[in-house]
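Notes follow the structure.
Model, not experiment: these values are computed from the prediction. We use all heavy atoms of the structure for the numbers below, so side chains are in, but hydrogens, waters and symmetry mates are not.
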Amino acid sequence: MSGKFTEKINNVYKYLSDRESKEIYANRLMYSLTGDYEYIISIVKNTELYRKLWCIFLNDSRHKYIFGAGIWGKQIAELYREFEFAGYIDSHIKGQYKGWSIISLDEYLKKKRDETIYISSTKYHAEQYMQLISAGIREENIVDIGEMMLKVWDECQYFDLPELKFRKGKNEVFVDGGCYDGTNSVRFAKWADGNGRIWAFEPDMENIKICEDRFRAEHIGQYKLINKGLWSRETQLCFENDSNEGSRFHDGGKTIVPVTCLDEVINGKVSFIKLDIEGAEYEALSGAKRIISKFKPKLAVSVYHKKEDIWELPELIIKMNPQYKLFLRHYSLDRVETVLYAI
């Protein structure tokens with residue numbers, strides 16, 4: 001490791017403002033450098049969600065089944081292996097996973113006893129809950145982990161840092177970089193007590209329509225929806241939505257996406273910028289250099305899409321405005337959803 005790189009790492013570390021942030025930084029950094037997933041597990045085991053689930057499992061003396069043998073179902077079984085799950089229930093996947101049997105719901109219903117079923121899906125958790133209820137499973141025998149994970153993402157991520165409320169102004173101007181379905185813009189409006197303006201950027205036109213309908217239904221006042229992604233300049237980029245590697249910008253992407261930069265679009269003050277834009281965070285921050293240098297907006301930026309994000313993004317931010325204090329928080333049971341706050 002070169003002396004120059006070590007100096008960069010140490011400089012970022014000095015800007016981190018609490019122990020939790022420093023621990024996440026050290027583990028995330030080591031994961032990026034080594035690929036050893038144990039560093040991610042160290043981060044996850046210090047989250048409130050992990051501890052809450054651990055207590056639920058500990059106090060559940062019944063046999064435990066996981067409903068769904070997908071990504072989250074496998075992750076839950078691995079993280080909490082000490083609780084010895086009885087197996088999986090999944091009507092679309094058969095066989096075994098690392099010694100755990102995967103059976104259909106029909107098979108389970110033939111032999112069911114007084115057992116607990118833990119729903120692992122975030123996308124289909126509501127449908128699966130109703131499926132279990134319709135099959136005669138008692139409500140007290142169902143735990144919806146998928147709903148718990150969504151609650152963290154929808155209610156905590158980007159807005160739960162206590163230091164944010166001390167910097168809340170009377171006329172907040174929020175940039176929602178990657179607004180998706182509008183959830184975070186709606187949460188901002190509530191956080192700002194309805195006294196804010198929203199600039200929402202989203203390259204997917206279908207999502208723009210969803211956001212428009214939602215903002216009207218939620219009676220969001222001042223907002224502007226922009227059907228573009230964020231970058232360091234106005235241009236077009238190739239975008240790929242890969243189920244294995246996640247969505248990302250790269251030369252071989254099949255979808256052409258228009259992008260713009262904040263310094264060109266917004267002339268006035270910005271007080272809060274949130275960025276979760278599939279690996280384009282560095283370029284988007286570069287395209288907001290004037291805003292960040294002049295106005296020092298609060299920042300909430302994803303730092304998990306690229307391995308170098310954990311050192312490059314905080315370094316860029318403190319170069320543009322060295323008055324910031326930095327914080328890190330983690331919001332999932334996996335390597336995703338690590339957020340860097342600059343206050």
Side-chain angles (χ1 to χ4, degrees), residues 5-6 8-50 152-153 156-161 163-164 175-180 184 201 229-232 245-250 262 272-289 292 296-322 324-343:
F5 180 72
T6 302
K8 289 180 179 181
I9 297 301
N10 289 339
N11 188 42
V12 170
Y13 189 82
K14 292 175 184 176
Y15 276 83
L16 296 169
S17 297
D18 63 3
R19 181 177 295 277
E20 184 175 356
S21 299
K22 291 176 180 179
E23 289 177 353
I24 293 174
Y25 180 68
N27 281 295
R28 189 96 222 180
L29 177 65
M30 289 304 297
Y31 173 68
S32 291
L33 295 174
T34 68
D36 187 344
Y37 193 74
E38 287 298 317
Y39 290 110
I40 295 297
I41 292 176
S42 294
I43 295 172
V44 169
K45 287 188 174 182
N46 280 311
T47 62
E48 184 178 345
L49 176 60
Y50 174 87
V152 171
W153 299 339
C156 300
Q157 193 170 6
Y158 307 123
F159 295 94
D160 75 327
L161 192 73
E163 286 75 11
L164 285 172
V175 169
D176 191 350
C179 64
Y180 185 49
N184 291 305
F201 294 82
L230 287 173
W231 198 249
S232 56
E245 298 186 27
S247 304
R248 58 201 175 104
F249 291 98
H250 68 97
L262 290 176
F272 196 157
I273 299 174
K274 164 254 165 181
L275 297 175
D276 185 355
I277 46 178
E278 311 303 336
E281 287 81 6
Y282 189 94
E283 293 292 336
L285 287 168
S286 299
K289 183 178 180 180
I292 292 172
K296 196 193 168 201
K298 300 173 285 292
L299 305 176
V301 183
S302 294
V303 287
Y304 64 88
H305 292 108
K306 297 178 178 179
K307 67 178 182 180
E308 61 268 26
D309 283 348
I310 193 61
W311 64 81
E312 286 192 347
L313 299 186
E315 181 193 22
L316 177 63
I317 289 168
I318 58 181
K319 275 186 177 179
M320 290 192 287
N321 197 323
Y324 276 118
K325 292 182 179 180
L326 303 182
F327 299 84
L328 283 164
R329 293 294 185 267
H330 189 78
Y331 299 96
S332 83
L333 297 174
D334 196 8
R335 65 178 187 85
V336 299
E337 313 306 340
T338 302
V339 176
L340 171 69
Y341 295 93
I343 307 296

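Taken from CD in Glu281 to CH2 in Trp231, the straight-line distance is 10.0 Å, to the nearest 0.5 Å. Rounded to the nearest 0.5 Å, atoms NZ (Lys289) and CG (Asn321) are 11.5 Å apart. Here the straight-line distance linking atom CD of Glu315 with atom OH of Tyr282 works out to 7.0 Å at 0.5 Å rounding. Between atom CD1 of residue Ile318 and atom CG of residue Asn11 there is a gap of 4.5 Å, rounded to the nearest 0.5 Å. The CD atom of Glu337 lies 12.5 Å from the OG1 atom of Thr47; values are rounded to the nearest 0.5 Å. Taking CG from Leu230 and CD from Glu283, the interatomic distance works out to 11.5 Å, rounded to the nearest 0.5 Å.
Side-chain atoms of Tyr331 and Asp160 include a donor-acceptor pair closer than 3.5 Å. With no hydrogens or angles considered, a side-chain donor-acceptor pair links Ser21 and Arg329 at under 3.5 Å.
Counting heavy atoms from C-beta outward, Asp276 and Tyr180 have side chains that stay 4.5 Å or more apart. Counting heavy atoms from C-beta on, the side chains of Val339 and Leu161 never come closer than 4.5 Å.
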Show, in sequence, the C-alpha distance, side-chain angles and deciding distance for Ile277 and His305, and conclude whether the side chain to side chain contact (heavy atoms under 4.5 Å, CB included) test is met.
CA-CA 9 Å; Ile277 46 178; His305 292 108; over 6 Å; no
CA sep, side-chain torsions, deciding dist, call: Ser32, Tyr39, side chain to side chain contact (heavy atoms under 4.5 Å, CB included):
CA-CA 9 Å; Ser32 291; Tyr39 290 110; over 6 Å; no
Would Leu164 and Tyr158 count as a side chain to side chain contact (heavy atoms under 4.5 Å, CB included) if you check the C-alpha gap in whole Å, the side-chain angles of each, and the deciding distance to 0.1 Å?
CA-CA 9 Å; Leu164 285 172; Tyr158 307 123; over 6 Å; no
Output, in order, the C-alpha distance, side-chain angles, deciding distance and verdict of side chain to side chain contact (heavy atoms under 4.5 Å, CB included) for Ile24 and Asn46.
CA-CA 9 Å; Ile24 293 174; Asn46 280 311; over 6 Å; no
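By the side chain to side chain donor-acceptor pair (under 3.5 Å) test, Asp309 pairs with no residue at all, sequence neighbours left out.
Smallest separation of non-hydrogen atoms from Ser17 and Lys325: OG-CB, 3.3 Å. Nearest heavy atom pair, residue Asp334 against residue His330, reads O-NE2, 2.7 Å. Nearest approach of Ser332 to Arg335, heavy atoms of both residues: OG-N, 4.4 Å. The shortest non-hydrogen separation linking Ile43 to Asn27 is CG1-CB, 3.5 Å. Across all non-hydrogen atoms, the minimal contact from Trp311 to Val12 is O-CG2, 4.2 Å.
The environment of Phe159 atom CZ is dense: over 12 non-hydrogen atoms of other residues, nucleotides or ligands sit within 6.0 angstrom. Within a 6.0 Å sphere centred on OH of Tyr50, heavy atoms belonging to other residues, nucleotides or ligands number more than 12.
Sorted by first and then second residue, the salt bridge (Lys or Arg N to Asp or Glu O under 4.0 Å) pairs with a member in residues 26-48 form an empty list; sequence neighbours excluded.
Cation-pi geometry between Lys298 and Tyr341 is not satisfied (NZ or CZ under 6.0 Å from the ring centre, within 45° of the ring normal).
The side-chain contact (heavy atoms from CB on, under 4.5 Å) with Leu326 is formed by just one residue from the set Leu313, Ile343, Leu340; it is Leu340.
Under a 3.5 Å cut-off, the side chain of Lys274 and the backbone N or O of Ala300 do not form any donor-acceptor pair.
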